[in-house]
Amino acid sequence: MTNIILDIDNLVVSLGKNPSGQRIIDGVSLQVREGETLCVVGESGSGKSVTSLTVMGLLQKGALVPTGGSVKLVGEELLIATERRLRQLRATRMAMIFQEPMTALNPVVPVGRQIDEVLRAHTDLDARARRQKILAMMEHVRLPDVERIFASYPHRLSGGQRQRIMIAMALVLEPKLLIADEPTTALDVTTQKQILTLIRDLQRDHGTAVLFITHDMGVVAEIADRVAVMRHGRLVETGTLDTILRTPTMEYTRNLLSSVPSLVPRAPRAETDEPVVLEANELGKVYRERSFFGKAREVAAAKDVTLTLRKGRTLGIVGESGSGKSTVARCIVRLIDPTSGGVRLAGREISDLSRRLLQPHRKKIQIIFQDPYRSLNPRVTVGETIAEGPINYGMPRAEALAKARELLELVDLPADAVSRYPHQFSGGQRQRIAIARALALDPDVLVADEAVSALDVSVQAQVLELLDEIQKRLGIALLFITHDLRVAAQICDDVAVMQHGRIVEQGPAAQVLTHPQQAYTKALLDAAPGRGWDFANFRPVEVAAD
Amino acid sequence: MLGYLLRRILAAIPVMGVVALFVFLLLRLTPGDPAAILAGDNATPEQLERIRTTLGLNEPLYTQFFTWIGKLLQGDLGTSLISNVPVLTMISRRIEPSISIALSTIVLAILVAVPLGVIAAWKHGTWIDRFVMGLSVVGFSVPVFVIGYLLIQIFAIDLRWVPVQGFRSITAGFGPFFERIILPTCTLSFIYVALIARMTRAAMLDVLGEDYVRTARAKGISETGVLLHHALRNAAVPVITVIGTGFALLISGVVVTESVFNLPGIGRLTVDAVLARDYPVIQAMILLTSLIYVTVNLLIDLAYTLLDPRIRY
Amino acid sequence: MAIETLPEPSIPVTTPFRPRLGFLTATPIIAVATICLGLIIAMAIAAPLLAPHDPQLLAPAQRLKPSSVQFLLGTDAYGRDLLSRIIYGGRISLLIGLGAAIFSISIGLVIGLVSGFFKWVDAVMMRVMDGLMAIPSILLAIAVVSLSGASLMTVMVAITIPEIPRVARLVRSVVLSAREEPYVEAAISVGTSLPKIMWRHLMPNTVAPLIVQGTYVAASAILTEAILSFLGAGISPETPTWGNIMAEGRAYFQVKPSLIFWPGLLLSIAILSVNLIGDAARDALDPRMKQREAGK
Amino acid sequence: AGKKTITAVMHSDLRVIDPGFTTAYITRDHGYMVYDTLLATDSNFKIQPQMADWKVSDDKLTYTFTLRDGLKWHDGQPVTAEDCVASLKRWGRNDTMGQKLMDFTASIEPIDAKSFALKLKEPYGLVLESIGKPSSYTPFMMPKRLAETPAGQQIKEQVGSGPFKFVQAEFQPGVKAVYEKNPDYVPRKEPPSWTAGGKVVKVDRVEWITMPDAQTAVNALQSGDIDFMENLPFDLLPVLEANKDIKIDVLNKFGFQTLGRMNFLYPPFDNVKVRRAAFLAMKQKDVLDALVGNAKYQKVCGAIFVCDTPLETDVGAETLVKGNGMAEAKKLLAESGYDGTPIVIMAPGDVVTLKAQPIVAAQLLREAGFKVDVQATDWQTVVTRRASQKPPKEGGWNMFFTNWVAADVSNPVANASVGGRGKNGGWFGWAEDAKIEELRDKFARSASADEQKKIAAEIQKQAYEQVIYIPLGQYLIPSGWRKSLTGVVDGPATPVFWNIDKSE
Ligand SMILES: Nc1ncnc2c1ncn2[C@@H]1O[C@H](COP(=O)(O)OP(=O)(O)OP(=O)(O)O)[C@@H](O)[C@H]1O
Ligand SMILES: Nc1ncnc2c1ncn2[C@@H]1O[C@H](COP(=O)(O)OP(=O)(O)OP(=O)(O)O)[C@@H](O)[C@H]1O
Ligand SMILES: [Mg+2]
Ligand SMILES: [Mg+2]
């Protein structure tokens with residue numbers, strides 16, 4: 001029996017000091033043993049972060065207060081520890097890494113110094129010894145060129161490098177407990193894989209207990225020893241990885257797992273001869289950052305991109321962050337002007353039309369954005385937002401609002417939502433509103449730029465289903481942009497893989513995603529976490545393939 | 001960096017051009033005749049006319065403008081119409097008091113306001129916060145001259161700690177300089193402290209909500225370390241910015257403070273010149289102040305690069 | 001498919017167009033500020049009913065009298081009733097504050113919106129604004145006042161001009177960041193015209209910062225008017241304003257401090273209230289603040 | 001070390017330092033420091049020799065002036081008759097009284113190094129009074145090379161023969177002006193009396209400090225930062241009177257006359273009935289109460305040529321003095337056909353002694369039934385705008401106010417504002433009145449004091465009937481100094497800094 005490092009027992013965290021106030025965390029009990037990784041999963045807002053911050057003693061003062069239960073770190077009660085004692089424990093016994101590596105590091109202090117602070121606060125090593133130790137640690141987390149990075153500011157480092165710095169900072173004093181709150185969510189799949197491997201290796205070497213928070217089942221499958229599922233501030237169930245994945249007992253867990261899209265492409269739809277509605281020919285975009293007197297800086301974000309999309313079909317664009325996916329989408333919708341090549345919409349060239357001439361064509365192509373929180377004007381009612389397009393194209397207001405009501409029903413929202421404001425809706429609901437807005441103009445083409453990436457898997461599944469249904473009903477062509485291969489596999493007829501602004505591979509989804517020709521595509525597929533599992537069917541993929 | 005500096009300085013030229021033209025036109029359209037003040041009450045129209053011709057005030061406006069610009073480009077700021085003294089001499093003799101109070105005000109204000117703002121943000125929502133903010137709004141809402149008179153009454157007349165008025169050059173010794181500069185500085189600092197403290201508090205509140213502050217706390221370093229090393233440095237950019245934009249405010253304050261404390265500075269020189277329509281002096285002064293403004297803002301932009309490594313030019 | 005349940009308790013509806021005035025009583029301090037400002041405004045509006053005397057009526061023989069039953073706060077250097085002058089003075093002072101705020105904000109808003117959207121306008125406009133900002137405002141004010149006499153209007157214009165660049169820059173920066181928001185791009189893609197985008201999607205973002213800026217402008221306009229009077233370039237000494245009552249009264253600072261004290265007190269209370277309310281309005285309108293309160 | 005320095009705050013700041021260039025009193029005061037005069041007026045209004053003595057020929061046509069010994073310019077050169085002739089000619093171009101004198105003068109020629117002769121075309125009663133006139137433009141003597149500076153230009157150097165030397169290096173317009181004792185100055189033997197008599201300098205250095213804010217200056221006087229303050233604000237007198245270290249006294253016993261002037265070119269004041277109505281509405285006491293508010297320093301005075309002078313008379317001034325003309329004013333205005341056009345009154349906000357008049361006058365005029373538009377501006381604008389002959393709507397004006405040093409308006413020749421020359425060289429407002437001009441001329445030629453007095457009374461009567469201008473009362477301005485100063489001299493052109501000693 002190994003030691004229990006973290007023992008959370010019946011923890012209650014309330015909003016405000018009053019124990020009878022709203023409970024954000026309600027009776028959660030968890031244990032993490034030495035050398036073990038416990039993954040906490042659950043939808044957004046289920047209390048994962050609050051739990052971890054409670055352990056660290058970093059809850060926002062006055063707003064969130066632990067009002068019951070106990071949290072013990074190697075036997076020491078943390079809830080009653082003084083601020084001073086907590087400060088001593090942080091970084092020495094327990095450490096934490098956060099989701100956003102860019103914002104989690106102080107932008108104005110060189111990263112070496114930021115690690116150094118930990119040593120200065122908790123040890124009395126001299127400057128040279130500290131530096132030695134830091135450099136060693138940086139090498140340990142497999143950072144290249146450590147001397148240079150030591151003196152670099154965070155913005156000079158890539159996301160993966162920043163996250164390695166965070167890990168180095170967390171582990172430099174070899175704490176007993178490492179809390180990782182979605183440490184890889186903001187990273188590319190390839191980088192994510194490296195970081196996950198790193199955490200695993202370090203844990204093995206040092207016997208650290210890891211509390212790993214994520215909402216990505218794939219990551220869970222890669223890293224967890226045991227899994228805890230949370231919902232609405234309560235623990236739903238907990239068990240070993242295998243048990244949870246194969247034989248979840250609770251309905252919620254089953255739903256969660258079955259919402260995870262499979263990496264195995266869905267059954268291909270029949271090829272059609274429907275007319276081509278959208279064509280991109282050798283599209284190119286060079287961003288020029290012009291300054292008043294200075295030299296212009298150029299970024300070629302898209303090069304020679306050629307795409308074809310037929311009515312009723314879905315074309316996916318996949319690729320790593322920064323590969324130019326959004327650039328292509330925005331050129332096609334003419335939110336930005338392409339620097340070369342052409343875009344034909346329903347047979348009409350639109351890439352060189354002026355703002356005025358473009359106006360009649362705009363309604364034929366609509367776009368949905370990634371961030372459901374920012375894509376709706378918070379000060380305009382949902383009804384007005386949806387009706388805006390039709391009104392622009394001459395529909396009387398009353399009629400447009402009636403149409404908005406219909407559309408809301410189409411996307412499964414109550415019709416009375418028209419008079420409400422966006423902040424009264426959840427992320428998934430907002431994304432439906434955005435879809436309704438796009439549909440209001442009866443477009444031929446719908447461009448979805450990471451339209452489901454910000455959503456929980458269960459919600460994601462619902463939205464994907466909705467898109468599918470709408471496509472069937474209205475025969476709309478869908479240009480679907482995503483970095484998530486699982487999603488692409490489930491929704492696309494054809495897939496284009498982008499790297500550095502170029503399309504490296506293009507073809508039917510089944511072919512590209514199962515028998516990739518290009519090394520890049522292969523690497524991408526290899527890095528996808530949990531690709532060994534077919535979550536929806538509660539079994540490993542090998543079995544499914546049989 | 002050097003290239004950036006050069007570009008900034010080039011970019012300042014149109015600004016100065018706008019200022020020069022605007023001021024020139026505004027002044028020349030303003031009624032008022034320096035010849036009249038020169039000649040005094042009993043002067044006859046012929047005498048006025050003679051003086052006007054001698055001063056070149058009868059030339060067409062554009063001729064006057066280009067003559068002025070031409071001389072300016074040769075480094076000649078002209079001669080005061082009223083006192084016949086070269087403008088450059090006038091300004092150089094009177095710049096010390098103004099610079100002294102402006103600088104000491106900025107220093108004092110920063111020394112007082114930044115800690116106040118930091119504490120207010122740290123103790124956000126407590127009575128300390130409210131007290132600091134209340135104080136800063138009061139500083140904002142009392143006219144400078146009222147503050148000046150109050151301080152004089154208390155410290156110079158009732159307590160007799162310092163002289164009532166006047167200025168001694170720092171070359172005459174620090175003691176006399178200091179005792180005459182302290183009240184004007186305090187007077188002027190009021191509004192500036194208010195401004196900076198508010199901005200510091202707001203910026204600190206923003207920064208304290210950032211992830212890296214949470215990271216710093218998670219490292220187990222002390223609260224002062226978190227506040228000063230992590231939060232304040234990141235809050236510095238908006239604070240520095242407000243110090244820069246507050247500079248214009250400072251100039252207005254300087255004008256009044258110089259009158260109240262009888263400091264022979266350039267603020268009063270300018271107001272006197274405006275009231276006497278001493279065009280060469282006004283034009284030179286406005287150019288000077290806008291030059292200072294442009295320079296201050298340039299320095300502030302440079303300070304950004306020192307404070308925030310992400311900003312590069 | 002079932003409708004998702006709302007994961008978070010919903011927040012009450014607040015929009016700039018139908019602002020809930022609830023923030024005016026959000027804390028006791030702000031409630032007091034609201035009441036004070038309300039009283040001062042009421043006093044200014046009802047001046048003819050409240051003032052015991054004609055504020056302009058001279059009685060040189062009665063000059064600088066101390067408080068008495070007839071003159072509650074005594075008289076000024078021309079024997080005019082101080083109380084009546086202060087009551088009437090509030091009218092002009094508040095009008096100057098309000099006027100300067102409205103002028104500078106409406107002009108600055110237009111300039112800011114346009115230069116935020118059109119690059120070439122921006123390049124020219126911002127140079128001009130830079131130029132204006134570089135001129136010390138008090139001197140500009142003196143020049144404008146002597147250009148066209150010291151009427152209420154010119155003083156207001158004089159105070160407004162230097163504020164315009166600040167407002168314009170503020171609006172511009174808000175527009176520059178807001179135009180990158182996906183909802184603005186979405187509006188473009190549904191074919192919304194530029195003016196409508198500016199009005200409907202960009203302008204509302206500027207409301208919260210502009211309210212704060214407006215209260216700041218109003219406060220500093222009232223003060224600038226006082227300083228102009230101090231320098232002898234203010235509104236006609238016949239017409240009472242808090243500023244010129246104080247500026248005239250400063251000569252009698254040692255003999256009759258109440259000439260400065262009372263208008264100064266009212267001025268401070270007014271500015272204090274305006275500032276507090278402005279801050280509260282910002283907190284109430286700024287979605288960022290709300291998010292922070294909501295915890296995320 | 002051990003240098004005796006007087007620090008003084010004068011009534012305004014010194015900017016123009018050529019006393020022949022401006023009538024500004026501060027420049028005149030500067031003149032008395034640096035320059036000397038040929039003749040001077042003593043406290044009995046008698047002309048006394050200062051730099052020179054004189055003789056008059058029996059036909060009253062030739063005046064011979066002889067310079068006394070020991071006179072030297074500050075640059076070390078002796079003062080010559082040639083210098084004085086040039087200086088007188090320069091003054092004769094600038095000053096109104098000087099111009100009048102020159103009209104009567106046939107020639108001024110040096111006789112030898114020490115004497116010169118002034119020859120008249122016909123006898124003229126005011127030759128000595130003109131040359132010995134105490135106030136601006138005061139005929140100060142300067143070297144010939146300076147006196148010959150072209151018209152419209154200021155002299156380039158400050159070289160006089162007066163009791164003090166100007167320290168050019170320390171001069172900062174708007175801040176301070178510094179004077180040092182002239183060690184070479186040989187004072188007359190007589191005791192000082194006004195600007196006449198011995199100008200014995202007892203201190204080493206005099207500094208004039210500019211303080212734009214009266215409150216600050218009073219504070220400085222109280223705290224001992226300064227020794228002397230020329231104009232004390234009336235309302236702070238109680239504070240200063242309570243201070244036993246400070247002496248308060250009036251140096252210029254005639255003080256000032258404050259007056260209102262209308263624009264004769266445009267309605268409604270082109271109509272004498274309307275002017276009369278305005279005249280009748282005025283009450284000197286109200287104006288003085290608002291301006292001064294201290295019975296000790298104000299004087300209701302109906303005399304156009306100032307009270308307590310030989311030409312004093314109260315003819316025609318009853319309503320001004322008693323303030324009982326309002327009823328009649330209303331009646332007259334109603335009869336005059338005044339159409340209710342607002343009267344534009346210029347009100348400068350930056351001159352303390354001119355703030356009250358427009359306000360009080362406006363109220364009295366309103367009471368009489370006028371519509372009044374008080375336009376606040378600065379003094380510079382008033383000075384410029386009052387010279388505009390345009391209609392009030394186009395940047396002109398209807399009425400403004402100013403103050404004279406009483407001594408400068410105490411006779412009809414010196415008093416420019418009583419003239420009737422109209423647009424042709426008349427004073428702002430351009431009153432045209434042939435009769436007055438005739439009387440002024442007669443006054444200048446008359447040699448007997450009695451006759452002069454009679455003519456002056458006639459002028460005053462005519463001036464009030466036509467309302468050439470409205471005197472609004474006389475006031476005195478007290479000066480204050482620390483008791484460490486002794487021997488402060490009074491006079492019509494004060495302060496002067498000779499004869500003052502300072503104890504430690
Ligand atoms: N400072 C706070 N004040 C009030 N409520 C808060 C605060 N922080 C979090 N909450 C609430 O607590 C609940 C749990 O939040 P938490 O951040 O733990 O969710 P999470 O599981 O980490 O979600 P995600 O996957 O989106 O990160 C949410 O409903 C959230 O609104
Ligand atoms: N407005 C811009 N100005 C300059 N460079 C830009 C701009 N927008 C994007 N880029 C650059 O163009 C490249 C492609 O960006 P794009 O947003 O199209 O990538 P993406 O594939 O959508 O990435 P992600 O998955 O992160 O959204 C990136 O290197 C990016 O830095
Ligand atoms: Mg979280
Ligand atoms: Mg993208």
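Throughout, a chain's letter reflects where its sequence line sits, starting with A, and its residues are numbered from 1.
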For A:A95, is it the side chain, the backbone, both or neither that has a heavy atom under 4.5 Å from a heavy atom of chain B?
neither
Side chain, backbone, both or neither: which part of A:L58 has an atom under 4.5 Å from a heavy atom of chain B?
side chain
Under a 3.5 Å cutoff, is there a donor and acceptor pairing between the side chains of A:T103 and A:E100?
no
Selection from A:E83, A:Q114, A:R84, A:M96 maximising heavy-atom pairs under 4.5 Å formed with chain B
A:Q114
Using a strict cut-off of less than 4.0 Å between a Lys/Arg side-chain nitrogen and an Asp/Glu carboxylate oxygen, indicate whether A:R113 and A:D116 qualify as a salt bridge.
no
Most heavy-atom pairs under 4.5 Å with chain B, out of A:A121, A:P154, A:P107, belong to A:P107
Could you measure the distance from the CD1 atom of B:I95 to the OG atom of B:S100? Nearest 0.5 Å is fine.
10.0 Å
Closest-packed option against chain B by number of heavy-atom pairs under 4.5 Å, given A:M94, A:M56, A:M166, A:H122:
A:H122
Does any donor atom in the side chain of A:R164 or A:Q161 lie under 3.5 Å from an acceptor atom in the other side chain?
no
Is A:L53 in contact with chain B via its backbone, its side chain, both, or neither, using a 4.5 Å heavy-atom distance?
side chain
Among B:T105, B:V112, B:I106, exactly one meets side chain to side chain contact (heavy atoms under 4.5 Å, CB included) together with B:L108. Which residue is that?
B:V112
